[in-house]
Structures are given as C-alpha cells and as structure tokens.
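Only one structure is covered here, and it is reproduced in the block below.
For ligands, and for the atoms within them, numbers begin at 1 and follow the listed sequence. No hydrogens, no waters, no symmetry mates; every other heavy atom, side chains included, goes into these values. All values reported here derive from a predicted model rather than from experimental measurement.
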Amino acid sequence: MIPDYSTFAANAEAVLAQIAAACERSGRDSAEVSLLAVTKTHGAWAPEFAARFGLASVGENRVQEAVDKKALVDAPLRWELIGHLQSNKARLAAAHFDRVQSVDSGKLLQKLNTAADAAGRKLAVLLQINAGHDPAKFGADLDAAPALLEVALSLPHLQVDGLMTIAPLSGDPAVAQRTFANLRSCRDALRAQFGVPLDTLSMGMTGDLDAAIAAGSTQVRVGTALFGHRPPAPPS
Ligand SMILES: *Cc1c(COP(=O)(O)O)cnc(C)c1O
C-alpha cells in the first residue's frame with residue numbers, strides 16, 4: 001500500500017531529527033551526515049516522495065529495478081547502487097547510477113572502469129568492506145582493503161569517494177558498534193597510507209544509525225524508517 005505523502009514527510013522529519021540528535025551526542029555537525037533514502041522494492045512513488053521532501057539521493061539494490069524506476073521518475077535525484085553488483089551488469093550500472101557503493105573486487109573495479117570509459121564519464125564508487133566479518137555479507141575483507149584501493153586508484157575513470165559497510169544482523173548493539181569502528185579505522189589507515197581523503201563513510205541503516213553516526217558515518221542509508229516495511233522483493 002502506498003502511504004500518504006504526509007506520512008512519509010513525518011517519517012522523514014523524524015529520521016532527520018534522529019540524525020541531528022545522534023550528531024549532537026557525538027559533538028558532530030549534522031551537515032556532515034547525509035540521508036540516503038533506500039527506495040528498493042517500492043514503486044516510483046518512493047523516489048518521488050524523497051525528491052518532493054528535498055532529499056538529494058536514493059539507494060537501490062538491483063540494477064534493472066532501478067533503471068526501470070528511474071525512467072518513471074522526473075526529479076533531480078542522485079541514484080546510488082547499494083546492492084551486490086554482478087560484473088555482467090557493470091555496464092548498465094555505470095550508465096545509470098551516480099555512484100556505486102557495492103564495489104568489492106578488483107575484477108568489478110576493472111569492469112566498472114571500462115564501462116565508465118565507454119559511457120564517457122567518471123564514475124564515483126565506494127569500496128564495500130565486510131567490516132563485521134559476516135559470512136552472510138558481500139564486501140572485501142578488511143585485510144584486502146589496501147590492495148583493493150590500490151587497484152581503484154589506478155583506474156582513471158573511477159573516483160573513490162570512500163568506504164561502505166553493512167553491519168551483521170544481530171540483536172547485540174556491540175556488534176554494530178564494532179563493525180562501524182572497524183570501518184572507520186580502516187578508512188583512517190588507508191587515508192594515511194595512500195594520502196587520499198576517502199571522506200565518505202556509508203554506514204548505518206534504520207536499526208543502527210545512531211551507532212554509525214557515533215563512529216563517524218557521513219551517510220546513513222535508511223529504508224524502513226522512511227517508507228515503512230518493504231513488500232517482498234520481486235523475482236530477479
Ligand atoms: C535495504 C538496505 C538498507 C536499508 O535498510 P533499512 O533497515 O530498511 O533502513 C541499507 N543499506 C543496504 C545495503 C540495504 O540493502
């Protein structure tokens with residue numbers, strides 16, 4: 001069921017207030033933390049509501065779903081891919097997304113670089129790191145991050161904005177805290193080693209955004225708290 005815009009707007013106000021409160025607790029400026037509205041599985045109404053509210057960016061998990069949705073939405077949004085990307089979809093992803101957050105292998109980096117070149121653009125990426133050592137999650141191991149960044153920095157059609165992680169599903173808040181602290185220290189180490197800013201830390205979702213902001217998140221990816229529970233994913 002499609003909620004009213006007013007319900008969505010109240011949800012969005014509440015999420016922004018939560019972000020502001022989390023920033024305040026950690027002595028951070030809330031302008032440092034952006035809100036990515038995760039519109040996956042929802043119809044075109046979801047990105048339309050986000051744009052109408054004034055949010056700048058939406059996140060999608062599946063390339064084809066996003067391409068189809070984007071064609072229906074006439075709003076100046078940035079579209080970011082946050083779901084696992086198969087290398088055979090790299091060309092489509094590079095043509096349609098403003099940023100790909102789920103880059104976790106050298107092979108995928110190479111494919112995206114070639115695809116961005118073909119599309120005549122420089123593609124922004126984040127390196128997805130499995131900072132919670134979760135066997136159920138995609139993402140490069142923490143140990144592999146320096147080698148992955150080295151490859152990424154050698155590719156002229158990619159721009160590496162920073163890192164992304166997803167905390168393991170767990171009832172224990174300490175697990176999310178540890179995951180986010182790991183990503184933050186990984187970023188700090190890479191920054192020192194390679195001399196690149198890697199300013200973006202994409203971490204935190206509906207259930208764990210406070211912990212992510214405390215650990216230095218600069219972008220939280222929120223679906224449920226904005227749009228309600230998701231309908232089941234359509235078959236791929
Ligand atoms: C679905 C998803 C989100 C949003 O999750 P919510 O718990 O609904 O806020 C964030 N990040 C990624 C990578 C996702 O797949």
Side-chain angles (χ1 to χ4, degrees), residues 1-3 7-8 10-19 22 33-43 45-47 49-50 53 55-66 69 77-86 89 93 97-105 108 124-140 161-173 175-177 179-180 182-183 200-213 215-234 236:
M1 200 184 66
I2 300 180
T7 305
F8 168 77
N11 291 345
E13 294 291 359
V15 171
L16 291 178
Q18 188 181 349
I19 292 170
V33 182
S34 68
L35 172 58
L36 181 75
V38 176
T39 49
K40 68 185 184 197
T41 78
H42 296 297
W45 62 269
F49 280 9
F53 186 80
L55 299 180
S57 311
V58 293
E60 286 279 337
N61 267 43
R62 293 180 180 197
V63 177
Q64 192 59 53
E65 180 187 336
K69 208 176 291 184
L77 286 165
R78 281 173 51 81
W79 293 74
E80 302 206 28
L81 182 65
I82 59 175
H84 179 63
L85 177 59
Q86 281 164 335
K89 299 237 173 84
F97 285 95
D98 297 289
R99 185 157 71 184
V100 177
Q101 300 204 0
S102 45
V103 184
D104 62 359
S105 73
L108 192 51
V125 298
L126 301 181
L127 303 181
Q128 181 177 351
I129 307 297
N130 188 358
H133 309 287
D134 183 348
K137 291 284 188 296
F138 291 105
D161 290 343
L163 307 180
M164 181 271 233
T165 199
I166 308 170
L169 214 63
S170 158
D172 180 0
V175 171
Q177 277 165 17
T179 302
F180 299 144
N182 285 345
L183 194 72
T200 303
L201 281 182
S202 172
M203 56 189 194
M205 321 195 332
T206 294
D208 55 22
L209 69 89
D210 290 335
I213 289 171
S217 172
T218 68
Q219 187 195 56
V220 291
R221 309 177 305 264
V222 178
T224 308
L226 289 174
F227 300 109
H229 288 287
R230 280 182 285 276
S236 43

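In this structure, Thr165 contributes its side chain and Ile129 its backbone to a donor-acceptor pair below 3.5 Å.
Atom NE2 of His84 is separated from atom CG of Asn61 by 11.5 Å, given to the nearest 0.5 angstrom. Note: Asn130 CG to Lys137 NZ = 8.0 Å, rounded to the nearest 0.5 Å.
For atom 5 (O) of ligand 1, the nearest non-hydrogen atom of the protein is Met205 CE, 3.6 Å. Counting protein heavy atoms only, atom 8 (O) of ligand 1 is closest to Thr224 OG1, 2.5 Å. Closest to atom 2 (C) of ligand 1, if we only count protein heavy atoms, is Lys40 NZ, 2.6 Å. Nearest protein heavy-atom neighbour of atom 12 (C) of ligand 1: Ile82 CD1, 3.5 Å. Nearest protein neighbour of atom 11 (N) of ligand 1, counting heavy atoms only, is Arg221 NE, 2.9 Å.
Here the rule is side chain to side chain donor-acceptor pair (under 3.5 Å) with Ser202, and of Glu80, Arg99, Gln219 only Gln219 fits it.
Relative to atom 6 (P) of ligand 1, the option among Thr206, Leu226, Val220, Ile166 with the closest non-hydrogen atom is Thr206.
For ligand 1, the atoms lying closer than 4.0 Å to a non-hydrogen atom of Gly223 are 4 (C), 6 (P), 8 (O), 9 (O). Per-residue contacts place Val222 under 4.0 angstrom from the following atoms of ligand 1 (heavy atoms of the residue considered): 9 (O).
Remark: the Glu60 side chain and the Thr39 side chain contain an N/O donor-acceptor pair separated by less than 3.5 Å. At a cut-off of 3.5 Å, with distance as the only test, no side-chain donor of Gln128 or Ser102 sits close to an acceptor on the other residue.
The closest approach between a heavy atom of Arg230 and any atom of ligand 1 is below 4.0 Å.
The aromatic rings of Phe8 and Phe49 sit tilted relative to each other, their planes meeting at an angle between 30° and 60°.
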